[in-house]
Each structure stands twice: as structure tokens, then as C-alpha cells.
Chemist: 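The structure that follows is given in the form of C-alpha cells.
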Amino acid sequence: MSRDERLEVLVIGGGIAGQSVCEELAGTATIALACAEPHLPYDRVNLGKLLTGATLGELQLRPGSWYADHDIDVHVDAPIAALDPAAGVATTAAGLELSFDRAVLCTGSDALVPPIAGIDAMGVEVFRGPADCERIASAATGCTHAAVIGGGLLGLEAAYALATLGVAVSVVHLMDRLMERQLDAPAAELLAPAIAQLGVDVRLAHATEEVLHDAGGHVRALRFADGTQLDCDLVVVAVGIRPQVALAREAGLEVNRGIVVDDALTTSHPRVLAVGECAEHRGVVHGIVAPIHDQAAIAARVLRGDGDGVYTGSVPTAKLKVMGIDLVTAGDAEGGHAVVVRDEPSGAYRKLVVRDGRAAGAVLLGDIRGAELLLDAVRTAAPVDDALDLLSSASEATAAELPDAAQVCNCNGVCKGEIVDAIREQQLGSTQEVVAVTRAGAGCGSCRPVVSELLAIERGGAAEEATYLCPCRKQTREQLAACVREHDLESVSDLSAACGAGRDCGACKPGLAYLVSEVRGNRHREERHARFINDRVHANIQNDGSFSVVPRMRGGVTSADELRRIADVVDRYEIPMVKVTGGQRIDLLGVRKEQLPAIWEELGMPSGHAYAKAVRTVKTCVGTDFCRFGLGDSIRLGIDLETAMEGLYTPHKVKSAVSGCPRNCAEAYVKDIGLVAVEGGWEVYVGGAAGGTVRKGDLLAKVDTPDDAKRLALVFLQHYREHAEYHERSYGYVERVGIDAIRASVLDPENAAALLERYRIARAATDPDPWRERHDPVSPKQFAELDSEPEPLVGPPAGAAT
Amino acid sequence: MTALAEGTWVDVGAARDVPLMEGRSVRLAGGRVAIFRLPDGWAAVEHACPHKGGPLSDGIVGDRCVTCPLHNWRFDLDTGEQIGGGAQLRTFQVREREGRLELAT
Ligand code: SRM
Ligand SMILES: Cc1cc2nc3c(=O)[nH]c(=O)nc-3n(C[C@H](O)[C@H](O)[C@H](O)COP(=O)(O)OP(=O)(O)OC[C@H]3O[C@@H](n4cnc5c(N)ncnc54)[C@H](O)[C@@H]3O)c2cc1C
Ligand code: SF4
Ligand code: FES
């Protein structure tokens, strides 16, 4: 078919449904996509991530270039206000007319807000779009108690997100058990305590009758049918969806709860189809994504007029995206003939429902082994002779035994066959690539282990290819390091010229800059354009474009003299905030770029590198000097270690601590490098974390003296500098390669000596205090804009020793 | 570039104050403008990122695009379009004359 004869399809609504229709049709029709929201299609399934710091860009389903590459004409911020099926014309709110041969309504739904008295009070939010998340996140700061109305999938996810933000939260549910649509009573009974374990208060059989508000109209409590109340200052309503049918209704299409479609997903007008949460098929409106992909595939077939375009419905499946709780369900949770395996102490529950000799439903809680196999059996209504045998053999099944048609990724509707074909045809080598190409695992992410397993099978067990440091040019860290060595390259520009890395989007330039400096032992040519702004001005950029200043305070130890100078600087430069950090030092926040050199000069203290992927802090406790339990001089060793490491850049930040005894007051067990004095020596821990991830470090070794401990810490530091991927914290690195591999490297005397030597070379070639650039800026306006000048340096203060 | 009447160019600073592949900003009547030195010339766009006002002159430049230092929105420096999004920056004409930078207003 020539392009002119192609069918013109208008897709109305850029949610997951609209996107899925575009994916199915791409290349076979001329497509226009009208999105009401001011964004390209994004992944609503992962909306909760916006609450914990992700940006909408990270949730975007496809980059802008994808639409251009597939000849799809996208209009964002362009709600369709009128649709004339007979004339084949749709008009946007701004008056733009879009003509079509066929249109697909993918208008999705709004959150359902039940008619409860007072529900329009301030502080009552729904959980459906980015703007809701922004409001919830800002209300969560300073919130004393939040209530989530609704104990279904969405409500539990909202409660979990709030609990993660540190908000005290109650889930208030009308029914006497959680997730009654997906779970049978015994499973729901096991789920409730697991949710409570996350710090979420669960209140079942609570019918909310009224939202009470204060004089200012802000919610203050919920009142229930039994007369009791729950004080709260934030309410999230998550009780269900309301399909967006207004446009269809005005266009004269048949509308019930959703837009009514037949088995060809066609509405009451033959030119118009409907797909997704807005569609009602055989009386059912689906509120999850797996059916959307089924529908989109059929709709595309109907539009192209090829094959049998008959949709007979989808089996609903659900996965709970709450960390630490594994829960997968499909089809019916009750009825028919059921076999149940239940492990009381662990709380695991596995159930298979069989009706008329065919798989009809599954509930897997706490132990979801074999979920893909069981879901496939339910989805295809596979004949089941021996239900107990299927349930138990499923838990042994590996990805190899899955049928090709088994859906692996429910979020994006990708089956095993497609993944395996993509790996073979495009010779994919890493999970990261498979996810990017197939989109399997790009949704909630729970199927990623299976994707990795399939990849491992295809690669015959060979290790995965490393992640790319420059994804645009598919170059790994090892390849690039080899290139630097082989051609003796001195800078990022040299490297770009030699192999193209860093030429395209530029996002990898800071990683390349680190790589070049590391490989060359810091005897490289520094290029500031390859560095993030923090490393151009040696300060951490803040949300308002100002910077923070954190001077080094080795081991957390300071003096009256330093404190006096800090106080003077705060006064003189009217610093809006002085704060003791979690890293045992002091942060001056809200500083203008132009003030940085003068402030550094007056502080007379070296940089603490609090802005860089570099050695940060070594926290200490008071140790033998003062503490009655002290077994080792932790302050002394902490200061020594920090002095030895400071100024070195690393793949990601490195934070350390030294504790004087196993009571661990300096939190050494949860640091990248942690030293703990024990009876008769020192323990060296690596790979600990207590940030977004909490992980106790692995014991690398026990050594005899403080010097040995320091030496081993330095050897590990250099090992990490040379082997970790850029942006990989030690906790990720240690977890990935395993402590045994690290021991083999750093405890081998010859290798350790070589690592120590390379550490010394790198340390000798670096200036531990980049703040000295105040005297010798790398460019005239390093610390200023075109129309401003850096503030003049006032002479060095008394007593300063950098 | 369309011809502009003489006198609509304003001097905004010294070209050497903007290092290669970096940006610096300057205040104009309508707000701050970020000026970038690219390997083959200059580009200028509005300075405040439409997302949350991040300082675009502090961003990393690559492939004639700048990445905002706050949350990584990316913009084409020639067209002002956001890559992979709907936001749009105002663009300005900028030229170098005898070591000075001039913006068309
Ligand atoms: C200032 C400080 C908070 C405070 O007031 O106490 C702080 C502030 C920031 N932390 Fe932190 N962290 C601070 C101690 C910590 C600690 C505690 C510690 O160091 O002992 C942790 C947990 C330990 C750890 O690192 O795992 C910590 C875990 C994080 C994380 C999570 C890292 C992780 O992988 O889980 C981030 C985000 C990241 O790195 O991507 C982060 C990122 C940040 C950034 C840099 C966010 C950013 O990119 O702008 C914050 C800068 C704020 C600003 O505008 O200046 N900060 N941050 C602390 C500075 C310590 C210092 O003296 O250098
Ligand atoms: C927080 C959250 C978590 C979830 N988690 C899961 C999960 O784990 N698993 C799962 O399967 N499902 C989950 N879901 C449900 C899933 O996200 C939805 O089923 C799915 O996104 C619906 O897609 P849709 O395209 O049909 O509708 P929508 O996402 O609502 O998209 C419709 C789009 O059309 C636009 N539109 C409406 N009217 C017009 C018009 N007149 N002109 C132009 N555009 C218009 C809307 O603005 C919207 O952008 C979750 C939902 C939420 C909110
Ligand atoms: S200082 Fe750390 S914990 Fe606090 S808001 Fe910033 S990143 Fe989050
Ligand atoms: S302010 Fe620019 S990306 Fe957020």
C-alpha cells in the first residue's frame, strides 16, 4: 500500500491504551495522536514513583523521537472537544480540526470520588495523575496523619508510598477484607498483617460517612458509620475509576458505564473504536493494563482488516507493587475446585482454582514462584488433570519451561516468545538492552528477574554484558578504558574523537571524565564542560539555583577557631541556613555562585567534596579517648583515613565511618567502608548502606592494627574505583560481584600491593582541595555570570591552615 | 537568520567569558538569557527551565542540546524544543563581534 492510500487513524487519548494502539498500528497506518495532558504518554502504573522523587520524564513510555521515527503526528495539550463520527472530523479545544478515516477512543478514566459529605474539603486528594502526586507529596511534608480511603490495589500502593515518605497512615476500607476483588478471605487475612508490618494501620469494615474540616475548610478527620472518628490532615481517595465517556456521549455513541463496544471493539458508530479503561465490553470495564494490550492488538487487526479481529475478553491479573510483599493473582479467587498450599509460619499462600477441568484462577501470596506459568494456564484456560501437581511443579519451573505464548510482562503485554526472538535477532547482551528493546520489565519491573533468566538461557549461561557507560554508542566501561590506555588519551574530547562516546546526548560525559581520570591516575587533561555543574564550581546546586558549602571536618572533629570562622562567614554573607549534616559536619546553604570564592577564602578550610562523586566523610565516635566501652582509637583512625582518602574521585560517593566498639555509634556497619574496633583488632566492612537502600556491609576481614585496617580500606577503595560502574554505589557493586570476588582481589598480597601503588599515584596527582581554584580560576567567569563578578577575596583569616 | 535593523543588537559581555561547551547567563529586559559556546558557533535560549526554573546555563551541553542541572530536562539549543516533552524555550539570536557577544532583542 502506498503511503497516500494508507488508512488515517486518529487516536484520542495518550495513556497506556493510546500508546499501545500506536505501537500496534505503527508503520501500517497514518496516525495522529491527540493527548489532553501536556505530556507525551507516560507510564501511569509507576505513577507512585513520582512521590518518591522520580520525574515524569523517567516514566515517559517512548522518547519524542520515537513518534517522529514512526511518522506519528502527536499533539500534546490538545484535548478533543468535539467528535463528529459521520464527517470523520475531531476538533481540539483550541479549535484545530483533525480528520480521520477511523478513530480510536482511548480516553481512559478519572478517579472515582464517592458522594461522601464534605469530600471536597481541602487536603482530600485522588491518586491518578502527576498533578495529584505533586499535591500529595507537598501535603505529606508536615502531615501528622494521612488516611487512604480504599483498601484495594491502588489504596494499598498509595498507603505504602505515604509510609515510605515517613507519614503515619491508615487505610480505611469499607469491606471486611482487603482487595476483596482479587483475594479470597484466607489470603486477605494473611495480607492485612503484612501491610501492618510496613507501619500502615489497617481499618476494615469502616464506612466513611463524612469528611470533617476545620474553620479554614481543611480536612481534620473522617467520621465513620459506627460514630468513631479518625483524625487526619491528608486524605487520599482510592476507591475506583470513572470512565471518561463525555466526548463519546456527545458524539452520540452508545454509553453505559463505559463506552459500549462489541467483539470488534467497535462502538455504536462503525468508524469509531474504543480501547482501554474507557471501553465497556460485554458489561466489563477493565482497570488494569494487561487487557488494554489485548484490546489494542485486536483493535489494530480490526482497523487493518486482517485476520480475525474478535475480542472475547481478558482474564484479569494483578500484582501488588509494594516492597517486601509478593502478591500475584489471576482470574477467580474462589469457586470451582480449589487446591491450596499454605505455609503457616512464613505466611505463604498458593491457590489454584479449577473449573470444569480447566485453570480458572490463581492466588499467590508470599511465594510467587512459577507465577508466569500459572498465569499462563489461567489466561489460556489450560486443561488441568492434577491441580496439586501443577501447583507444586510450577514452583520448580524455570523460565525455560514457559510456553512461548506465556506473558512475561503483564504491564506491557510482552510474551516469552517476543523476548527470546528479540534477544536472538538483535543479539542483545544485557537485561538493560532487552528491557529497552522489548519494553518487558519497563513497567512495574517485577518481571525483570524472568527477563534476566531468559537472557541467561539464550546466552548459554554466559555472564551478561556489562551496562554501557555510553549507551548511545554502546560502549562499555571496559571498552572505553581499553581505548584510553591503547591510544594514551588525555581527555574526554580525545575519547570522543577516538570512538564517538559522549558525542551524542552528552549524558555520559561526567562518567567519561571520571573514567579518563581514573585510568590515567589523575594525570589527565581536565575539561569542565564534561563535568556536572557541582564539579565546575565545587559546590552542590540547590533547587533555587544557589549552592551549598560544606567544608571538610575530618572525622567530624572541629575546633573553637573553625567554629568562630564559620560563624563570622554566616554573619558577613548573611547565609540563610547553617545546618549540622548527617555526615558530622556543617553545611552553609543558600550561597550565590559569586560568593563561593570569598566564603572559601574566609573559612580557610578545605572542600568537603559534599557535591561530588568522591570521598565524602569519615564519621567517628569518641572511642577510647573518652568512651568507657572504647576498644580502639576511632577518632585518630577516622582522621587518618579521611586524610588519606580525601580528594579522590570515585564511581559514586564514598562515605565511611570508624566505630570504637561493636555498639557502632558511628554507624560503620552501614557505610561504604566501615571500620569497627573489636577485642584484639579491627573489623573492616564494605558495601554497607543506610540511604534509599539499607544494607549491612559485608565483613571483608578482621585485622590486627589500626594501620592494617587503614591499609585494607585504601586497597578496597582503589579496587572499587577501578571496577565499579560509574554511578554504582559500593552496596550495589558488592552485591553484584559478591564479597568472595572482592576478597580474592584485595586480600591477595601481590594484587593488594599493586592496588595500593595505583592509589598512591592517583592520590599524589590530585589536589585534595579544589577550593584553591578561588586563587586561580580555570576560566575568567568560573564563579560568575556574564553580567556579574565573583565577590573579592578578603585576606586570609588568622589561624587558617588549609 | 533574518536581517535585523542596526541598533537592535545589544552588547552582553566578552566572548572569552564563556568557555567552550559551557553556558553563562545575562539579564535582559525580559528576563535572563543563557548563552552557550558550541564548537561551531553560539546559541542563546531563555535561562530559566520551564520545569522548575533550573539555571540552564549551568547545564551539560552535548549534541547542540543542554540538559538542565536540576532534573535533567533536555532542550534543543537551536529550536528551544524540549527533547521528549512538550516544553518550549524562547530562543535568541546571538553573534560574536570583535571579541564581544551581542544579542538581538
Ligand atoms: C546535607 C545532607 C543532609 C543533612 O542536612 O544532613 C545531605 C544532603 C543531600 N543528599 Fe544525602 N545528605 C547528607 C547525608 C546523607 C546520609 C548520611 C551520611 O552521610 O552518613 C545519607 C545515607 C548514607 C548513604 O549515602 O547511603 C545520605 C543519602 C543520600 C542519598 C541516597 C543514596 C543511596 O544510594 O541510597 C542521596 C541520593 C543520591 O545519591 O542519588 C543523597 C543526596 C543528597 C543531595 C546531594 C541531593 C542532591 O543531589 O542535591 C542533598 C544535597 C542537599 C543540598 O541542597 O545541599 N543523599 N545523605 C547530608 C550531608 C552529609 C555530609 O556532611 O556530606
Ligand atoms: C497509581 C496507579 C497505579 C497503578 N498500578 C497498576 C498496576 O500495578 N497494574 C496494572 O495493571 N494497572 C495499574 N494501574 C491502572 C493503569 O494505570 C490503568 O489501567 C491504565 O493506565 C489505563 O490506561 P488508559 O490509557 O486506558 O487510560 P488513561 O491512563 O486514563 O489515559 C487516558 C488519556 O486520555 C486523555 N483524554 C481523556 N479525554 C480526552 C480527550 N477528549 N481528548 C484527548 N485526550 C483525552 C486523558 O487525559 C489521559 O491522558 C494503576 C493506576 C494508578 C493510577
Ligand atoms: S537532604 Fe537528603 S533526605 Fe533530605 S531531602 Fe535532600 S536528599 Fe532527601
Ligand atoms: S528545573 Fe529544569 S528539569 Fe527541573
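In what follows, chains are A, B, ... by sequence order, proteins preceding strands, each numbered from 1.
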Chemist: Between B/Ser25, B/Gly13, B/Ala34, B/Gly23, which residue shows the highest count of heavy-atom pairs closer than 4.5 Å to chain A?
Modeler: B/Ser25
Chemist: For B/Leu20, is it the side chain, the backbone, both, or neither that has a heavy atom closer than 4.5 Å to a heavy atom of chain A?
Modeler: backbone
Chemist: If you count heavy-atom pairs within less than 4.5 Å of chain A, which of B/Ala14, B/Pro55, B/Pro19, B/Gly62 leads?
Modeler: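 Option with the greatest count: B/Gly62.
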Chemist: Is A/Arg536 paired with B/Asp58 through a side-chain N to carboxylate O contact shorter than 4.0 Å?
Modeler: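 Salt bridge flag = no for A/Arg536 with B/Asp58.
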Chemist: Check whether any side-chain heavy atom of A/Glu527 lies under 4.5 Å from a side-chain heavy atom of B/Met21, and answer yes or no.
Modeler: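 Of all side-chain heavy-atom pairs linking B/Met21 with A/Glu527, none is under 4.5 Å.
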Chemist: What do the steps show when you test A/Glu785 against B/Arg27 for side-chain contact (heavy atoms from CB on, under 4.5 Å), and what is the final call?
Modeler: CA-CA 9 Å; A/Glu785 300 303 321; B/Arg27 175 165 300 287; over 6 Å; no
Chemist: Under a 4.5 Å cutoff for heavy-atom pairs, which residue among A/Ile541, A/Val76, A/Thr55 has the most contacts with chain B?
Modeler: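 Of the candidates given, the most pairs with chain B belong to A/Ile541.
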Chemist: Side chain from CB out, backbone as N, CA, C, O: work out which of these in B/Ile83 comes under 4.5 Å of a heavy atom of chain A, or both, or neither.
Modeler: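 Neither part.
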Chemist: What's the shortest heavy-atom distance between A/Pro780 and B/Asp17, and which atoms?
Modeler: CB-OD1, 3.4 Å
Chemist: Does B/Arg100 CZ have over 12 foreign heavy atoms under 6.0 Å away?
Modeler: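 Yes, the 6.0 Å shell around CZ holds more than 12 heavy atoms from other groups.
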Chemist: Can you tell which part of B/Val26 gets under 4.5 Å to a heavy atom of chain A, answering side chain, backbone, both or neither?
Modeler: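 Answer is both: backbone and side chain atoms of B/Val26 are under 4.5 Å from chain A.
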Chemist: To the nearest 0.5 Å, tell me how far A/Lys509 NZ sits from B/Ile60 CD1.
Modeler: 6.5 Å
Chemist: Quick one, B/Asp63 and A/Arg503 - any side-chain contact, counting heavy atoms below 4.5 Å?
Modeler: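 No; the side chains remain at least 4.5 Å from each other.
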Chemist: Working to the nearest 0.5 angstrom, can you tell me the gap between A/Ser779 OG and B/Arg16 CZ?
Modeler: 10.5 Å
Chemist: Between A/Asn534, A/Asp787, A/Leu56, which shows the greatest number of heavy-atom pairs under 4.5 Å with chain B?
Modeler: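 Looking at each of A/Asn534, A/Asp787, A/Leu56 in turn, A/Asp787 comes out on top.
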Chemist: Do B/Arg24 side-chain atoms and A/Lys781 backbone N/O form a donor-acceptor pair below 3.5 Å?
Modeler: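 Present.
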Chemist: With only heavy atoms counted, which part of B/Arg64 is less than 4.5 Å from chain A, the side chain, the backbone, both or neither?
Modeler: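 Nothing of B/Arg64, per the 4.5 Å heavy-atom cut-off to chain A.
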Chemist: Do A/Leu786 and B/Val18 touch side chain to side chain, with heavy atoms closer than 4.5 Å?
Modeler: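 Yes. Closest side-chain heavy atoms under 4.5 Å.
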Chemist: Is chain B contacted by the side chain of A/Ala784, its backbone, both, or neither, given a heavy-atom distance below 4.5 Å?
Modeler: backbone
